[in-house]
Every structure is written in structure tokens, then in C-alpha cells.
Amino acid sequence: MPDETKSPPPPPTGEPKGPAGAPNAPSVEPVPAKKPGDPAATTDPAAPAAPPKPAPPTAAKPAEPAGGHTPAPPAKPAGPAAVAWDSEMVCKLKGQYGSGIGEASTYLGQNYMVVDSSLIPEILHVLRDQEEFDYCVDITALHYPQREKQFDVIWILYSFARNQRIRVKTLIADGEIVPSAVKIWPTANWLEREVYDMFGIRFDGHPDLKRILLPDGWKGHPLRKDYGIIQQDNEWVQINLGIESGQ
Amino acid sequence: MADATKNVSHLELGDTDKTFLDSNELIINMGPQHPATHGVLRVILRLDGEKVLGTECVIGYLHRGVEKIAENRTYAMFNPYVDRMDYVAAVSNGLGYCEAVEKLLNLEAPPRANYIRVILTELNRLASHMLWLGTHALDIGAITPLFYTFRDREEILKIFEKYCGARLTTHAFRIGGCLYETYEGFEQDVTKFLKFVTPKIDEYEELLTTNRIWVERTRNVGMLSAKDCIALGVTGPVLRASGVKWDLRKAQPYAAYPDFEFEIPTGQNGDTYDRYLVRMQEMRQSLRIIEQAVGKIPEGPIMAKVPKVIKPPVGEIYHSIEAPKGELGYFIVSDGSTQPYRVRVRPPSFVNLQALEQMVRGQLVADVIAVIGTLDIVLGEVDR
Amino acid sequence: MLDDVTSYLKSDTTPGQAGNFLWAFIYILLIFLGLSVAVIAMNWLERKILAHMQVRLGPMRVGPHGLLQPIADAIKLLIKEDIMPSESDPFVFWTAPLIVVLTAFTVFIVVPFGPTHAVTDMNIGVLFMLGVSSLSVLGVVMAGWASNSHYPLMGALRSSAQMVSYEIAMGLAVISAVLMTSLNQSGTGTLSMIGIVQAQEAQATWFVFKFFPLGLIAFFVFAVAMVAETNRAPFDLPEAESELTAGFHTEYSGFRWSLFFLAEYSAMIAVSSIAVTLWLGGWLHPFPHWLSGETWDLVFSLFPGLTFVFLAGLTFYSVARMPKHPYFRVQTMGLAGFGAVLGLIGLALFAPPVRDRVQDIYWFAAKVAGFMYLYIWYRGTFPRYRFDQLMTVGWKILLPIGLGVLIVTAILGVVL
């Protein structure tokens, strides 16, 4: 298969990342590893899939998780089933930022790392400029009301050169302000606005932080877990129609 | 609903006692009801004569809170909702969601299901591109291609209808595979369609590709360099037209795509004309994939062993596929219960639409229409 | 009085020249009626032809094959609520469509449907026509302005720029045709519409073939400019639906909107009439000099009747193809009646006194109909120009070509 993932920046010349971080993920792969010539391709757990060439055997990209790897029910998201992800890049970052880089793991073949919120713009900068994660796929958030630091803010990044995705996470408390990534990726503009709209997380340095999907006068941030749909509906019906909604 | 003028922010509507004639700048409100904004997109244009000085998109008119709905539905119950986002490419949406949940469950659809999925998804890509072509040409003033493309899209929808009973919001796939076995004569129908549609695509190209007015209207309009595309997160044909050879079907293959040979068409200039050419080429490549797939659908089950109650282990997954509009990603977080803790959809239209401002600044009003058309947005997906 | 009436019948001039007010009035009425019928027919034909180009059927419900659709639409438009924006300027808002309609109809005073079939023959006919038809831009600008709204204003701005630009190219093309009229023994030309056609008769050629390819190029310039003048595709920017919703008549509805509609189609017929008169030999039948003589005259004079009989035959064929279900009985009968009327008209046109009188009008109308078909064809084929490209075409392509043709025509006229 020819090199399909051409990307503007030249591919990394050095060895991308030690495959050490992925103990078993890349080697055994239960992907329906059908080769183009094989019509009756059946699931063959032994066939080492070499999907797209540019993907070096890293922990990230095999389309499917490790073979005998059954994710045990963990206690919290990305719990025990996730294996530590200690690639070269992570080591470098950890060496540079010390404890600012928290957990770095691989779950189901996908890498993520938890970063202290104070390091956010810097780490993203480094990831873009030095590690070639030049495409910000998505910015989103998660709400855990029972936690002290209620929100996870997540940046999903992709590198054309490495054909690899990572997720950068940071934990913040309600009301805490996250530095904006608009200066790093213009695409963050609307994505951050949506996070603000849905979770009420404010981004520092965003040029025009306002609601994007909901009308300006909307109350509350609907994707928070403590947002009551029914109450909102009742209130709206009462104010606008003057009746009880009966829900 | 708040005062509409509040949305205008930095564009400044000015004093109320002044009429628009007193100013050199004209602020035009295009949409949400406008024949060429492809739905309920509202664009506030700041004009100097015909020249666009700035734009601001106001979106959300079609917001249904899909992500919130997901948190209150089980995994299987949420499946039909994703069809309502990009309703012209419902099959692709369903494929992305099902595969994401399958990954979270750590299971895999059987090969037969994957082949059926690929055939239907590629048919859907054709349908989506046909709809794009018709409406895009209509925006630029060529009314005839619209009817041609709708005539041919109809054949695709008929296949969908025969397969799963629905034409538009198909809900064709289930978590773990497909619910329906292919109907009697499915292969023949698809093969017949391939024979039928190949000359039709030539017909569209005959009408437009070398049409002087079409070329003049689209060349050097809405330019976007590869660098800008990546910075803006633009994906899909828009990215490829700028010269970046990146397609998730090749970069991170899913379903049965590794089995098929196809090319990733790219452009050079990143203008509207290149995007047109890229999409036309993509239609032909889709035909190629379907042709390869339909002849060798493997035998076997169409459904993996999925537990009756879908309860993925705690964890999170991001899975994305190459939807007709670009990278369609699902970020699903499970807390171990029957309902997803969070489903985040990474909508290609939403991110691509953001590039509008940069693409039209300094161009003419007519170009705004051309660019909205060439971005191929579906407001159902932008607003979700 | 009666004398007046009968005396004109034997006259060889137009009623205007004969000073016969009664006949002039009758002609005006006839033209007005004929034009209205033509617009209705054009409406139906455009929808049907465009529909068939676009693999659909077009109107099929109101009457057999949607024949009554234009009438139903007209009734709908007349009884529709007439909305006037509260911020508009009522007087200008009202006047604008009137001006557009008046100019579109006034042009027809000098259009020669035959050597005597014109309301009058002015010695400055061409000038009058260009002058009056360019007044319609005033109505368009007024409409855009009075609406006090953004889209109409932009439509009006586009429209005025466009019409003014293309009028120049159009004028140059017209002048080169006028120059060609002076190529006779006495060297005197004419601006009279009838005179121009007679000059083509005298020179034994249509001007489109004169000084080949000069006449053809001038005709081409005019043919492009006239599409732009009438705001039709691919130059329909002032009412570009996908950009400006409906351009200058966005705020118009009901009766006032129908006036714009009427004016647009009459203007199309008007400019096509000019083109036919100037380059395509007006009322002359094809190859007037090669195919002359008694037999050919008889053959050509049979054409009007034959056309109607052919249409009647087509209608009866459709009647035969109508579904036999009782539900369609009324429609089938209506269609048959329509065919019978067409057939009767066709038979009437075979009568010798009628066919000699009508022949000129028939050939003129047939040529104009050819242009109308072109208009529809353009609309089905072309995307829309952008504003700057429109101006480029007008000023950088058509204008130099028009000037060049004019100069070369003038030189050739002296040399040859």
C-alpha cells in the first residue's frame, strides 16, 4: 500500500517513539487483517496487520486493542485497564515538566495524558511545534460533579506526520479559567465557545467567548450533569406560555 | 431569545436613527431564511458595496442537544439519533457511532457486516456528494444539475429503502454489526446502479467541468492553503483540495476499507474549483470501492456476539471515520452503566464552517454563496 | 368615420403614418392583447421546456399538461395580499413597476410585424426603441430604493450598473446595423425600423450575413447584450435568487410583482424583436431572394396554417394518449377542444386573403420565438456570472468588439 498519509510537514526522520509503551498492542492484532488480494478474508488473529505504512508501530494507532486484553471493570474512567504509556515523547515531557505531567496511559490503543492546567498553553505549544501534533481535532469537556476538580477539559490532537492521535486532559475546578488555545490553533475558536456554551468553562485569551449554539439569553450550561432539563422546560413553559407544563 | 442585535457584537449595528444609507458599510443579514445558506445558517455580512469586509456566522438554530440526549439514552437507543445530525449522510454517522461503541466494548463486527457497511457507506457518500453538487451548482446559478443529481440520488435511496426500509435517516447498522441481512438481489441492484451512474457522473462533468462561467466562478474563489486548512482543523474534501493527501479510510482504516484499492484525489490550489474536482473524483473512487466490495461479500454472520444489555467497561474512546464532509469523530465516555456518561460528536461541518470567514474576506457577495456551497455543510450537523 | 376605417384597409402605410387614430388604437389594443397572450404562453412554455431539460414534467395538474397553469397563477397573483413594507416610500414603490411595464410596452409602438403592421413608423424608430427601453432601469432603481431594504438596494445597484454598461455595447452593435442600411445608390441610411427591413430586402441579404462575418459579430454582441439588458440567465444578477433572494423585487408581491413579471417577459420579446428587425430580416421569410416566385410565395404563405394544424395534430395525439380513466374525462375533452380551436385557426389561416395578410406576422413571430427558446436554453444551461466578471464581459470584451465592428463596417461601407 503506498504512502497514503501525505502531509505538509516532512515526516519525522528520527525514530518516532519507542514502541515500549505498548506492551502487546501493536504486535498481536485481531483486526480483520485482510490483505487486498484475499477475498474471503476472515478474522485472523495471527496476521500482523500493517495498516497504513506511515504508522510506525506505536501504541496509538492499531485500529483495535490488544488481543487477550480484556478491560476489567475499573473504578474510574481509564482505570486499571489502561496501561502506562511511556513513550519517548512522554519521557521527554515528563523530564521537562516534572510532576506537571500526570498520568500518561494507553487505553484500548489510544493514548492520553493528564496535564496540570497551569501548563496548558505551553504543553499544547510544545506538542504542536516540537512533536508535530499540528491538527487540533476537538476540544471538549467532561463533568464529574462529585469530584473536587469537577471538569476534565480534553484536547484531541492529531499528527499528520506520525498518523497518531493523543488526548491531552486537564482537571479543573468549577469557575477555574483555562488558557485558550485559539492562538495555537484557530480552530479552537468555535470549539472553545461550544465548551463554554455547554459547560460554562471560561477560556482565558479567547477573542470572543460567547454562546455559540444556544441563544445568548440561555440560562445554565446544559451538558453539566447537574443541569435539570425538566426544570428548564417547566420554567420556559411557565414564562412563555403561562401554564404549568405538567411534566 | 435574546435581542437579535446582541449577536452582532463587533460588527456594530450603529445608531438606530441612522439608516443604512448613511454609512459606507452595509451590514447584510443573510439567513437564517435564505435560499442559499443550506438550511438555517445565518451569516452577518459586512460589505463595502459588493466586497465582503467581514462575516460572522450565527448558528444554533437547529440545535437539538444531541449530546445531552445521549446521556439519557442507552447505547442502542442513541443509535438512531446520530442519523439526524448529518441527515444526508446518515449511514456514515451510524457507522461512526457503532464502530466507536464496538471499540469501547472491545468487539468487532464480522467481515460480512463490514462489507455491507462499506457498500452502504460509500453509496451514502455518493448520495451526499450528489446533493452537494446539485445545491452547489444551483447556488452558482446552474439550475439543471440539481435535477440530474436528485434523479440519480433517488436510485441510491431506493437501495437503502429496500435494505432497511428507510431512505434518509436509515439507522442501517447496529452495535456489533448489521441487523438486516442483504435482501434478495442486493448485489444485482448495486451492480445495476454502478452501471447506471457512471455515465451520469460524466454527464455532470460535461455540464460543468469545462463550462467557462463555472470555471470563472469557482477558480480562485475561497482559497485555503494547506497550512490554513490544518490550522483551522478543516478536513475532508476541503483539506484534500488544498493538497493534503489525507483520508481516514487510508490513514487509519476502519471497517473493511483495508481490503480495497482506491485513490485519494487531491487538488493543488485549494480553491472552489479544486474542491469541485476532488469531490467529483471521490465519487468515482466510491464507485470503485463499491465495485470491489459488491463482488466479494464474504459469507458468515452479520452480527458479532453482543450482550443483550450493552454495558461497556469504564473508559473512554475516540473513534473517527471519514464522513463525506470530513472527519466525523465520536468521543464516548462510559461509566460502566447502560447509558453513556458522555458522547461528544466531532462534527466536520461545524469545524469546516469556521473557515468561512477566512475564505470570503475580501471577496464578493456572490463568492460567499459559492463558498458556503463548497464547504458542503449540513446545518443539522453544525448545530446538532 | 366609416370611410376612415375602410380607407385604411387599402392603405400601404402604418396607421400612425396614415394619421388614422382609430386603427392605431386598434393596433395598440391588438399588440397589448397579443403580448399578454404571448407572455402567458411564454410562461407555460418556459416551465415546460425547462422542466423537460431537467428531466421533470413541469406543470401537469391545472388543465391538461398544465395548460391552464399560467391562468391559475395570474388569478393567484391578483388575489394575493399586496404587501408594502412599512418603511417604504409608497409613491415610488407604486410607480416603479408601472414605469417598468410602460417602457416595456411602449417599445412595441415601432416594432414592425410587417410592412404595414406597426402602430407607426418613426424615422428615428431605432433610437426611440433604445431610448425607451433604457428607461426601464429607472423603474428598477426606484423599486430597489423605495423598498428601503438591503437586498433590493443591492439588486438595484447591480441592475443599474449592468444595464448602463451593456447598453453601450448594444448601441454600438445597433449603429453598425444602421450603417449597413446606407449601402444603396443614394447612400442614405435610415433609422426607421421598417426602413431597415426594407433595406435588407433591397440589398437581398439579412444583415447578419452582411460583410461576413462582420454582421454576425455585431449580431452576436447584440445577442449577448440583450440577455444582459433583460436580466436573464446567465446575467440575472439583479435578481440572483441564491444571492439576493429576489433582487430588486424582493419586497414586491401580488399584483405589483406580476407587473414586473409581465415587464420582464415583454422586454425579452421587445429586444428579440429588435434583433430580428435589425439582423434577421424582420418579417421577411427565409431566403427571400433565392426562393422567390409564385410557387415559393404560395409555399411560404401556407406555413402559418400548417404550423397551427401541426400543433392541433400534436394536441390530438396527446388526447389519444390521455389516460382512459374517467377522472381524466374533463381534461381530455378540454385538450380536444383546445386542439379543435388550434385546428380551426389553422384552417382559417389557409384562406387566401388571410394568409397573405398574416404571413409577415408569422415569420416575425417565428424568429422571435427562436430567441425565446434561446433564453430558456441559456437558463437551463449556464451558471450565473459574478458581478465583476459581468462588468469585464461588458466593458473589456463586448465594447471593444462592438467598436471594432462599427469601424470596420464604416470603412467597408465606403470602400465597397
Side-chain angles (χ1 to χ4, degrees), chain B residues 19-21 25-31 33-38 44-45 47 49-51 134-152 154 200 203 206-208 211-221 272 276 363-370 372-373, chain C residues 46-47 49-58 87-89 144-158 161-162 224 227 232-247 250 376-393 397:
Chain B
T19 73
F20 63 87
L21 299 173
E25 280 180 11
L26 194 64
I27 288 173
I28 277 199
N29 189 23
M30 189 182 264
Q33 267 85 42
H34 187 280
T37 53
H38 291 219
I44 301 167
L45 295 172
L47 303 175
E50 290 257 334
K51 202 172 154 198
T135 50
H136 183 40
L138 184 69
D139 288 348
I140 292 186
I143 45 180
T144 307
L146 177 81
F147 296 96
Y148 288 11
T149 55
F150 267 66
R151 170 195 61 192
D152 306 335
E154 189 65 25
K200 304 291 180 196
E203 197 180 354
E206 211 168 282
L207 264 172
L208 296 173
N211 186 326
R212 243 188 92 98
I213 304 179
W214 178 262
V215 176
E216 275 184 35
R217 275 302 302 275
T218 52
R219 197 161 270 170
N220 296 329
V221 168
T272 304
Y276 158 76
Q363 307 222 340
L364 302 177
V365 179
D367 296 333
V368 178
I369 304 299
I372 292 176
Chain C
E46 173 162 24
R47 291 161 85 162
I49 294 173
L50 208 55
H52 284 271
M53 285 178 182
Q54 297 168 342
V55 291
R56 50 195 179 95
L57 289 173
E87 295 293 308
S88 66
D89 182 335
W145 179 268
S147 302
N148 198 2
S149 166
H150 290 111
Y151 286 116
L153 184 76
M154 287 188 66
L157 287 176
R158 283 181 173 192
Q162 173 178 337
V224 174
V227 180
R232 292 279 302 187
F235 302 105
D236 55 346
L237 288 93
E239 42 201 278
E241 199 204 340
S242 56
E243 293 156 30
L244 304 178
T245 53
T250 305
I376 300 169
W377 197 358
Y378 294 157
R379 197 176 157 200
T381 317
F382 290 133
R384 187 180 301 115
Y385 266 115
R386 202 171 60 199
F387 191 66
D388 57 328
Q389 293 160 349
L390 176 96
M391 287 291 144
T392 312
V393 171
I397 299 178

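In what follows, chains are A, B, ... by sequence order, proteins preceding strands, each numbered from 1.
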Worksheet item: With C:F382, which residues qualify under ring-ring contact (aromatic ring centres under 6.0 Å, His included), at least two apart?
Response: C:Y378
Worksheet item: At a heavy-atom separation under 4.5 Å, does C:R56 approach chain B through its side chain, its backbone, both, or neither?
Response: side chain
Response to the item:
Of all heavy-atom pairs linking B:E216 and C:R386, the shortest is O-NH1, 4.4 Å
Worksheet item: Would a distance-only check, ignoring hydrogens and angles, find a side-chain to backbone donor-acceptor pair under 3.5 Å from B:R217 to C:R384?
Response: yes
Item to complete: Measure distances from C:L157 to the heavy atoms of chain B and classify the residue's part below 4.5 Å as side chain, backbone, both or neither.
Response: neither
Worksheet item: If you round to the nearest 0.5 Å, how far is CG of B:L208 from OG1 of C:T381?
Response: 11.0 Å
Practice prompt. Applying side-chain contact (heavy atoms from CB on, under 4.5 Å), run through B:I28 and C:M154 and close with a yes or a no.
Written response: CA-CA 10 Å; B:I28 277 199; C:M154 287 188 66; 3.1 Å; yes
Worksheet item: What are the two closest heavy atoms between B:A366 and C:R158, and how far apart are they?
Response: N-NH2, 4.4 Å
Discussion item. Taking side chain as everything from C-beta outward and backbone as N, CA, C, O, which of these in B:V368 sits under 4.5 Å from a heavy atom of chain C? Side chain, backbone, both or neither.
Written reply: neither
Item to complete: Output the distance between atom CG (B:N29) and atom NE2 (C:H150), rounded to the nearest 0.5 Å.
Response: 9.0 Å
Worksheet entry | Residue from B:I143, B:N211, B:D139, B:T218 passing side-chain contact (heavy atoms from CB on, under 4.5 Å) with C:P383 | B:N211
Fill in: Winner by heavy-atom pair count (cut-off under 4.5 Å) against chain C, out of B:G373, B:A142, B:P145
B:A142
Fill in: Residues forming a side chain to side chain contact (heavy atoms under 4.5 Å, CB included) with B:Y148, sequence neighbours excluded
B:T144, B:R151, B:E203, B:Y204, B:L207, C:V55
